[in-house]
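Structure first, then comments.
Read the numbers this way: they start at 1 and go in the same order the structure lists the ligands and their atoms. All values reported here derive from a predicted model rather than from experimental measurement.
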Amino acid sequence: MLGKRSKMFFMLSLLALVVAIILAAWGFPKIVSKQIQKNVQLDNSSVMFEKWRKLPMPLTFKVYVFNVTNVEDVNTGARPKLAEIGPYVYKEYRERTILGYGENDTIKYMLKKHFVFDPEASGGLTEDDEITVINFSYMAAILTVQEMMPSLAGVVNQALEQFFSNLNDAFLRVKVKDLFFDGIPVSCSGNHSALGLICGKLKAEAPPTMRPNEDGTGFYFSMFSHMNKTETGPYEMVRGRDDLSELGHIIAYKGKNTMKNFWASDQYCGQLNGSDASIYPPIDENNVPDKLYTFEPEVCRSMFASLMGKTMVYNMTAYHYEVTRDALASKSANPSHKCFCKNNWSGSHDGCLLMGVLNLMPCQGAPAIASLPHFYLASEELLDYFNGGISPDREKHNTYVYLEPVTGVVLKGLRRLQFNIELRNIPSVPQLANVRTGLFPMLWIEEGAELPTAVIEELKESHKLLNYVEAVRWIILAAAILAVLGSGVAAARSGALPIWPRQTNSVSFILSPNANVMDVNKVH
Ligand SMILES: *[C@@H]1O[C@H](CO)[C@@H](O)[C@H](O)[C@H]1NC(C)=O
Ligand SMILES: *[C@@H]1O[C@H](CO)[C@@H](O)[C@H](O)[C@H]1NC(C)=O
Ligand SMILES: *[C@@H]1O[C@H](CO)[C@@H](O)[C@H](O)[C@H]1NC(C)=O
Ligand SMILES: *[C@@H]1O[C@H](CO)[C@@H](O)[C@H](O)[C@H]1NC(C)=O
Ligand SMILES: *[C@@H]1O[C@H](CO)[C@@H](O)[C@H](O)[C@H]1NC(C)=O
Ligand SMILES: *[C@@H]1O[C@H](CO)[C@@H](O)[C@H](O)[C@H]1NC(C)=O
Ligand SMILES: *[C@@H]1O[C@H](CO)[C@@H](O)[C@H](O)[C@H]1NC(C)=O
Ligand SMILES: *[C@@H]1O[C@H](CO)[C@@H](O)[C@H](O)[C@H]1NC(C)=O
Ligand SMILES: *[C@@H]1O[C@H](CO)[C@@H](O)[C@H](O)[C@H]1NC(C)=O
């Protein structure tokens, strides 16, 4: 009688063990990952969705400008001496407008940014500061003209002298706020024949930095006003409801699923990889990706950051990714990057740019060159051009992100980018006849995100919850094992399981801490 019961109990606890093992190995992780998916996927029922649609806190947008301190000397051929001024700090608000949901688990949206100057964070700096920088719009115009019709640069320059008022040299003395957002007026109302050509080209190409003025007789040039309050997109992004590992992946921008028309029709260079840097899928700890891709519409291409390691951020595990030399490799270092070479920026190179600089011409229609600040990770020969003011430093000039693996949330991240343009010696243009040719930086920006404490606390809470779930999983498993052991021993003692050796000391030793299992059994 007793034997039968304990045998039955043994069988039941075996069954319970099987169930516990299935739960521990498959059920719980499945439940947990479903729960996580429910919270991070792009669906209006998820916790993250509203935070993604409208960032709960502004990003910090910092601008550092390179003030040219020896303009007179540069005009006569000296190497430039620069003084970095900054940061001018802006709060950057972001909001998305959902346009709809597409086939294949996608969401379609427009992104709008909005900037507000933050005088406190800027310290003593104000938007009224006067600075001297390379005259970006002038150099862009003259370089474009020289590319199209080299022999006419001198003639066209006369038209440019009407276009740009008081054109003495290639430098711009300007207030910070005009350069960044308000805009510097340029006029199309002169009577030089080439002026119509320039203005017509500008109207046709509509480079983002040139904003037509109110009465259509000219433009305003500014670096960032096109980013303020203007919607960009539409973006089409994977929602992660079908496959969480695809969450955030951008599959189309402005209705196109490749950027290859910017890159000589090359499939590889045109690939849209990764997210818009606002959202990432959770990281599978058994298969941590060694590259993190983002699609950068400003440069019309995908970039990547490489895995640097695992660290603690705000007392949470985080994976650290950083933009490395590989991402900015020139053709010689990474032959598959050769499709990114298109236009010459200087006759002394083979059509490809040096290490660490990106050509914005194909993408933005202006002969601008992007790099990391102070040419960090770029070819060192770029530094020879300067007589001070440029000193690359990993801490100050890198681009990185720290991801929380369970949810894929960005705990901390900085994106930095410098805008440069070539100062070219052109003998037929008086303003450029004596300058030294080189890649001239104008300013660099830093876009940073740091989670507000409330969100950090929320994340920590959910981690605590996960730890409880994890504990429960092991407790259930341990209880099932103990039950099997206990009932097994009981069954063996009562002779129900003949194969079990009968009187061994080790059995009673195992039994003693778990005697209650047998007691319960006996009562019945
Ligand atoms: C969520 O989206 C569905 C369509 O996908 C819509 O019917 C529903 O009204 C939305 N709910 C909220 C709260 O916006
Ligand atoms: C920038 O440099 C010029 C000299 O080239 C100087 O007059 C001006 O005060 C500097 N601007 C700032 C904000 O330091
Ligand atoms: C959805 O996926 C299918 C199969 O992969 C593909 O044929 C179709 O073009 C996709 N639809 C869109 C809108 O991308
Ligand atoms: C951005 O645009 C808004 C509205 O047009 C304006 O109020 C704000 O001052 C602009 N931001 C900057 C930094 O100019
Ligand atoms: C530089 O370019 C601007 C247009 O962006 C023009 O109005 C200005 O006169 C130029 N400055 C100088 C000093 O040549
Ligand atoms: C138009 O051309 C004439 C002669 O070439 C010149 O004298 C005059 O200053 C020009 N007008 C303007 C507005 O530039
Ligand atoms: C896009 O991603 C794939 C793998 O996901 C990679 O092999 C390829 O090099 C990436 N393309 C670019 C342009 O980075
Ligand atoms: C991290 O944890 C340690 C010990 O658990 C604690 O002393 C410290 O204050 C925590 N730091 C933060 C930023 O929460
Ligand atoms: C770049 O410039 C060099 C020298 O001027 C020239 O030989 C080469 O063909 C140019 N390459 C392209 C792609 O324009």
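Less than 4.0 angstrom separates some heavy atom of Ile85 from each of these atoms of ligand 2: 11 (N), 12 (C), 13 (C), 14 (O). Under a 4.0 Å criterion applied to the non-hydrogen atoms of Glu130, ligand 2 contributes the atoms 8 (C), 10 (C), 11 (N), 12 (C), 13 (C).
Checking only distances, Asn67 does come within under 3.5 Å of ligand 2, N or O to N or O. Any N or O atom pair closer than 3.5 Å counts here, and Asp129 shares no such pair with ligand 2. Looking at ligand 4, you'll find an N or O of Phe115 within less than 3.5 Å of one of its N or O atoms. At under 3.5 Å, not a single nitrogen or oxygen of Asp182, backbone or side chain, sits near a nitrogen or oxygen of ligand 4. By the 3.5 Å distance cut-off applied to N or O atoms, Ile131 is not counted among the residues near ligand 2.
For Thr126 and Asp128, the side-chain atoms include no donor-acceptor pair closer than 3.5 Å. Using modelled atom types, one finds a donor on one side chain and an acceptor on the other under 3.5 Å when comparing Tyr109 with Asp276.
Using a 4.0 Å heavy-atom criterion, the residues that approach ligand 7 are Tyr268, Gln271, Asn273, Tyr293.
Between Phe221 and Val174 there is no side-chain heavy-atom pair separated by less than 4.5 Å.
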**OP:** Under the side chain to side chain donor-acceptor pair (under 3.5 Å) rule, what do Asn425 and Arg436 come out as? Steps first, then yes or no, please.
**Re:** CA-CA 6 Å; Asn425 181 296; Arg436 186 187 284 250; over 6 Å; no
**OP:** Quick one: do Ser278 and Arg96 satisfy side chain to side chain donor-acceptor pair (under 3.5 Å)? Show the steps, please.
**Re:** CA-CA 11 Å; Ser278 65; Arg96 294 177 170 85; 3.1 Å; yes
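Proximity of Tyr90 to ligand 4, defined as any heavy-atom pair under 4.0 Å, is confined to the side chain (atoms from C-beta onward).
In terms of modelled atom types and a separation under 3.5 Å, the side chain of Thr106 and the main chain of Glu236 share no donor-acceptor contact.
Within the 4.0 Å heavy-atom cutoff, Val71 does not count among the residues contacting ligand 2.
Annotation for Ile134 and Phe171: closest pair CA-CD2, 3.7 Å, computed over non-hydrogen atoms. Minimum interatomic distance between Cys199 and Phe219 (heavy atoms only, all atoms of both residues): O-CZ, 4.2 Å.
Taking the six-membered ring where tryptophan is involved, the planes of His320 and Tyr402 are essentially parallel, since the angle between them stays under 30° and well short of 60°.
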Cut-off 3.5 Å, no hydrogens considered: what does the side-chain donor-acceptor table look like for residues 365-380, sequence neighbours left out?
residue : atom : partner : partner atom : Å
Ser371  : OG   : Asn420  : ND2          : 3.1
His374  : ND1  : Ser391  : N            : 3.0
His374  : NE2  : Glu84   : OE1          : 2.4

